[in-house]
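This report refers to the structure that appears directly beneath it.
Convention: sequence-line order gives letters A, B, ...; per-chain numbering from 1. Every heavy atom of this structure was used, including side-chain atoms; hydrogens, water molecules and symmetry mates were not.
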Amino acid sequence: MSAELIPVYIMGKKHYVPETATILNAFEYAGYQVIRGCGCRGGFCGACATFYRFKDDYKLHVGLACQKVVEPNMYLTQLPFFPANKSLYDMDALEATAQQIIELYPEMMKCMGCNTCAKVCPQELEPMEYVAAAMRGDIKAAAEKSFDCIMCGLCASRCPGELVQYNIGMLARRLYSRYIAPNAQHLASRVLEIKDGKFNDDLEELKSMPKEKLQKVYEERDIEE
Amino acid sequence: MGYLPYMKESIKRVEATRQQRVNETYPRASAEEKKDVLENFHPDYADAGFKEMKFGPNKGERMPNRFADVLEAKSVINPDEIDLDNPDLETDVLVIGGGGAGSAAALLAQENGADVLMTTKLRHGDANTMMAQGGIQAADKEKDSPARHYLDVIGGGHFDNIPELVEALVHDAPLVIKWLEELGVMFDKDEDGRMQTRHGGGTSRKRMHSAKDYSGAAIMRTLRDEVRNKGIEVIEFAPAVELILDDKGQCAGAVLYHLETKKYSVVKAKTTILATGGIGRLHIGGFATTNHYGATADGLVMAYRAGAELAFMDSLQYHPTGSVFPEQTVGLLITEKVRGLGAQEINDEGEEFVNPLETRDVSAASIIRECEGRGKGIETPSGLQGVWLDSPLIDLKHGEGTIEKELPAMVRQFRRFGIDITKEPMLVYPTLHYQNGGILINEEGETGIENLFVAGEAAGGIHGRNRLMGNSLLDIVVFGRRAGRNAAAKVGKVKQGELNLNHVRKYHHELEEAGIKTDRVSPQILPDYTPEETKKKTGLVKTAF
Ligand SMILES: Cc1cc2nc3c(=O)[nH]c(=O)nc-3n(C[C@H](O)[C@H](O)[C@H](O)COP(=O)(O)OP(=O)(O)OC[C@H]3O[C@@H](n4cnc5c(N)ncnc54)[C@H](O)[C@@H]3O)c2cc1C
Ligand code: FES
């Protein structure tokens with residue numbers, strides 16, 4: 001049982017690849033050993049951002065090479081690297097305000113509202129929306145709306161305002177989690193108990209317990225409903 | 001897209017027996033039957049899948065074949081051609097590997113006053129850590145305690161774990177969650193800040209913390225952002241290929257290989273932290289894998305050549321239900337929840353052959369038996385085998401809409417490829433998921449080699465022969481932090497001798513002595529999935545990895 005071969009153009013060069021292959025597998029089938037442009041192979045890391053277009057059609061499409069299946073007459077190229085600006089900051093010395101984010105990423109004021117970023121997001125996010133939320137000081141919304149971002153770089157590569165949306169999203173999520181969402185009280189108490197050595201004796205006892213006894217204690221432990 | 005016509009024929013046979021299967025329970029395997037299927041079909045038991053090491057620190061122990069292959073290989077470098085007298089770079093602490101363990105180590109080493117250099121194979125963050133979905137364990141709730149966590153870890157590991165390592169793991173767990181909370185990892189929380197925690201396989205308390213189903217990514221992105229903030233230098237696409245020792249046998253840095261320029265460079269370091277992760281991309285036993293592209297056990301090979309001992313490398317974790325079709329989902333985890341809800345494993349003839357609630361190892365072995373032993377699997381166009389996981393049964397059992405409600409991400413994922421798992425089954429086969437063992441460490445992250453530390457999936461001993469879900473994301477941060485702190489503390493005390501690669505020469509000699517003649521070289525660095533290479537290895541032109 002083998003799949004039909006279809007023509008695709010890898011950086012302009014024609015290859016025949018199985019119709020069931022992902023773009024990434026198609027590159028490999030054609031004989032490329034990928035170095036850049038491939039990380040997790042599972043849709044999580046954003047290393048494999050790809051632009052494509054069909055023969056005789058002007059329209060530009062995007063996809064993740066590890067997720068998108070080839071179609072006949074695709075013209076393919078990857079975005080192996082994008083020189084994105086990232087501001088450096090001291091997490092301990094920030095304020096969770098719009099002012100703070102704008103100070104770190106002043107270029108966000110150049111957003112033209114064209115929404116090209118949303119059109120090229122392989123995760124179907126709306127970068128313009130979360131950037132706008134950050135600008136309004138609604139950092140919670142910016143954090144939540146950017147949560148699924150895999151930082152593939154496609155939005156930044158097409159942005160006429162030269163924003164790096166995903167780094168703004170990253171900052172918003174860190175600010176939200178650090179300064180806006182309340183800290184877990186049970187966690188703080190447990191940390192104090194550990195520092196006081198509250199559990200050291202229990203652990204010591206388990207560590208030196210003979211295997212048979214340990215096995216018994218394990219089997220008899222109660223399970224939370 | 002969707003299923004091909006011959007697959008649809010097979011699905012008709014599944015549908016023909018579905019109604020009848022709704023109320024049937026396939027009998028649980030007896031102890032005898034379990035033993036039989038495990039011994040004959042579980043990869044960990046298949047002697048043919050293992051080779052005895054003929055030399056080195058683990059001489060006499062068995063190693064999975066494809067791992068033995070990379071150990072029984074020459075170095076990618078010729079030691080005579082590397083100029084150690086003029087190092088290209090010098091640093092206090094060299095961190096090898098840019099995943100979660102390496103990033104945590106780099107941050108702590110710098111915080112403790114060291115000058116840190118990180119080198120990694122792909123981009124910083126292209127790593128197994130980025131892919132973890134389920135969550136991270138820590139005993140931080142009132143009804144829980146580190147001692148309970150200890151019991152769960154060591155029971156799960158069949159009591160083979162090294163007690164001191166388990167103690168370190170559970171002791172540091174709440175400290176680690178606190179650290180991550182302060183760094184700004186977006187954990188799932190209630191309005192009042194209370195962590196939302198759930199059970200995982202083998203837990204006695206609900207201690208699985210999560211960040212939606214992007215738990216690993218949330219941690220990895222944050223640690224990477226912080227490494228950047230701290231100005232730690234990271235060299236990407238420059239895997240380490242060999243450790244460097246000095247004339248006292250202490251680790252003194254590494255040789256890097258620049259993937260794009262094909263040049264080598266020498267890094268001289270006071271202390272070195274190996275955090276190179278797992279083994280999945282060696283495709284042990286020919287299995288597909290959930291692991292990232294760079295998981296080729298390089299760190300284990302380098303450490304073994306330098307004389308470090310490995311532990312529990314005969315035990316790998318296979319997840320019974322990895323997707324094998326469509327191609328872009330190959331290796332993708334199908335969560336255990338699907339079987340928990342009642343989906344059955346069905347062969348090409350529409351027959352059930354195993355109880356859906358057997359343990360991971362028995363399920364995996366039974367699926368393999370159905371395909372390899374009985375020829376009742378379904379072959380995919382790319383040459384993989386699988387059995388059906390009959391998801392539509394869930395709605396028949398629990399009512400229309402259950403699948404949509406309980407498994408929304410999975411429904412969406414398959415819908416993208418034209419498969420409606422509420423109406424059609426999924427094609428699955430066991431997939432190589434995790435390396436339970438690794439380089440033997442102590443609770444400080446130290447190895448038998450002076451000034452060499454190891455953290456993360458590359459380390460061994462913490463989980464014995466079986467890791468529970470949620471304890472790996474934990475261990476990489478716990479031991480990453482410990483290794484980083486200790487490696488920095490040691491910098492001032494190091495008295496370095498002359499650098500050499502004699503251990504590589506000695507290794508080549510030992511290969512010869514053992515009668516191993518080969519032109520294989522290792523570490524492997526990247527898998528080669530071009531058709532010529534895959535055909536050489538498997539006899540098939542596979543196109544899905
Ligand atoms: C799909 C999936 C789901 C998972 N789900 C969970 C879960 O829910 N909970 C849980 O606890 N665990 C889970 N795990 C396991 C866990 O994610 C990993 O074990 C853990 O993240 C490993 O971290 P690490 O830093 O040791 O390795 P990695 O994160 O893999 O990082 C290793 C890094 O080293 C680099 N490297 C490799 N070789 C070299 C070299 N020669 N030189 C330089 N750099 C090199 C790699 O490219 C990589 O960047 C999951 C794993 C996978 C694959
Ligand atoms: S390779 Fe990671 S998203 Fe495609």
Side-chain angles (χ1 to χ4, degrees), chain A residues 1-3 18 20-22 25 28-29 31-36 38-42 44-45 47 66-69 86 88-91 143 147-148 150-151 170 173-178 181-188 190-191 194 199 202-203 206-207 211 214-215 217-218 221-224, chain B residues 1 6 122-123 125-126 130-131 140-143 145-148 150-151 154-155 159 163 167 171 174-175 177-178 181-186 189 192-195 204-206 212 214 217 221-222 225 228-229 231 237 259-260 292-293 326-328 332 379 381-382 526 528-531 543-544:
Chain A
M1 190 65 223
S2 66
T20 52
T22 59
N25 287 145
E28 291 169 336
Y29 186 88
Y32 286 82
Q33 201 197 2
V34 182
I35 295 176
R36 284 185 190 259
C38 167
C40 66
R41 304 178 77 95
F44 284 97
C45 75
C66 70
Q67 298 292 295
K68 174 85 193 142
V69 179
K86 182 192 135 44
L88 304 184
Y89 37 85
D90 175 357
M91 267 314 283
F147 186 82
D148 288 1
I150 57 173
M151 307 174 89
M170 183 78 236
R173 290 193 300 280
R174 292 191 69 182
L175 284 178
Y176 171 73
S177 313
R178 167 72 185 258
N183 289 339
Q185 287 311 316
H186 57 94
L187 176 62
R190 180 54 44 87
V191 165
I194 288 181
F199 306 102
D202 290 355
L203 287 172
L206 286 172
K207 239 172 43 175
K211 189 171 164 183
L214 195 59
Q215 230 155 347
V217 178
Y218 174 73
R221 78 206 197 287
D222 66 308
I223 313 271
E224 181 178 5
Chain B
M1 270 289 295
Y6 76 98
L122 302 165
R123 302 177 313 167
D126 293 348
M130 196 61 105
M131 311 180 75
D140 60 11
K141 291 271 173 91
E142 297 79 1
K143 281 191 223 151
S145 77
R148 295 202 135 268
Y150 183 102
L151 266 185
I154 206 155
F159 304 95
E167 180 188 34
H171 174 275
L175 311 182
I177 302 291
K178 183 78 191 152
E181 186 189 51
E182 278 174 8
L183 283 173
V185 172
M186 204 165 141
K189 286 181 169 184
D192 63 355
R194 202 176 159 76
M195 294 279 179
S204 63
R205 288 290 181 272
K206 294 180 182 166
K212 308 223 174 77
Y214 283 97
R221 292 182 304 213
T222 306
D225 197 56
R228 289 177 183 164
N229 279 347
F237 298 95
L259 289 175
E260 287 158 322
H292 86 288
Y293 191 38
E327 308 229 340
Q328 56 274 32
L332 174 88
E379 193 175 317
S382 48
L526 289 176
D528 189 337
Y529 294 141
T530 56
T543 55

Quick check: do [X] and [Y] have side-chain heavy atoms less than 4.5 Å from each other?
X        : Y        : value
B/Tyr214 : A/Asp148 : yes
A/Arg190 : B/Pro146 : yes
A/Val191 : B/Leu175 : yes
B/Met130 : A/Cys40  : no
A/Lys207 : B/Tyr150 : yes
B/Leu183 : A/Arg178 : no
B/Glu182 : A/Met91  : no

*Before giving the answer on side chain to side chain contact (heavy atoms under 4.5 Å, CB included), spell out for B/Thr222 and A/Met170 the whole-Å C-alpha distance, their side-chain angles and the decisive distance to 0.1 Å.*
CA-CA 8 Å; B/Thr222 306; A/Met170 183 78 236; 3.7 Å; yes

Non-hydrogen atoms of chain B under 4.5 Å away: do they reach the side chain of [X], the backbone, both or neither?
X        : value
A/Cys38  : both
A/Phe147 : both
A/Tyr89  : both

*Taking only residues two or more places apart in sequence or in another chain, which ones pass side chain to side chain donor-acceptor pair (under 3.5 Å) with B/Arg228?*
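Counting only residues at least two positions away or on another chain, B/Arg228 forms no side chain to side chain donor-acceptor pair (under 3.5 Å).
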
*Could you list the residues that satisfy side chain to side chain donor-acceptor pair (under 3.5 Å) with B/Lys189, not counting sequence neighbours?*
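B/Lys189 satisfies side chain to side chain donor-acceptor pair (under 3.5 Å) with B/Glu181 once adjacent residues are dropped.
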
Report which part of [X] has an atom under 4.5 Å of a heavy atom belonging to chain A: side chain, backbone, both, or neither.
X        : answer
B/Pro174 : both
B/Leu151 : both
B/Asp192 : backbone
B/Ala147 : both

Quick one: which of [options] has the most heavy-atom pairs under 4.5 Å with chain B, could you say?
options                              : value
A/His186, A/Gln67, A/Lys68, A/Gln185 : A/His186
A/Ile150, A/Val217, A/Asp202         : A/Val217
A/Leu203, A/Ile223, A/Asn183         : A/Asn183
A/Cys66, A/Ala47, A/Ala181           : A/Ala47
A/Leu214, A/Leu175, A/Val69          : A/Leu214

*State, to 0.1 Å, how close A/Leu187 and B/Asp140 come at their nearest heavy-atom pair, and which atoms those are.*
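For A/Leu187 and B/Asp140, the tightest heavy-atom pair comes out as CD1-OD2, 3.6 Å.
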
*What is the minimum heavy-atom distance between B/Met186 and A/Ala143, and which atoms define it?*
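Scanning both residues completely, I find the closest heavy atoms to be SD-CB, 3.9 Å.
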
*Does B/Asp225 come within less than 4.0 Å of A/Lys86, counting only side-chain N to carboxylate O?*
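Looking at A/Lys86 together with B/Asp225, the answer is yes, because their closest N to O distance falls below 4.0 Å.
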
*Going by an N to O cut-off under 4.0 Å, is there a salt bridge joining B/Arg205 and A/Asp222?*
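The answer is yes: the pair qualifies as a salt bridge.
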
*Could you have a look at B/Ser145, B/Pro163, B/Ser204, B/Gly155 and say which one has the most heavy-atom pairs with chain A under 4.5 angstrom?*
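Most heavy-atom pairs under 4.5 Å with chain A: B/Ser204.
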
*Leading residue by heavy atom contact count with chain A [cutoff under 4.5 Å; candidates B/Lys143, B/Glu142, B/His171]*: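 Highest number of heavy-atom pairs under 4.5 Å: B/His171.
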
*For A/Cys45, does its backbone N or O pair with a side-chain atom of B/Arg123 as donor and acceptor, under 3.5 Å?*
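Here the side-chain-to-backbone pair exists.
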
*Could you tell me whether the side chain of B/Tyr293 and the main chain of A/Val34 form a donor-acceptor pair under 3.5 Å?*
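Side chain of B/Tyr293 to backbone of A/Val34, a donor-acceptor pair under 3.5 Å: yes, one is there.
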
*Which distance, rounded to the nearest 0.5 Å, do you find between the CZ of A/Arg41 and the CG of B/Asp126?*
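It is 12.0 Å, given to the nearest 0.5 Å.
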
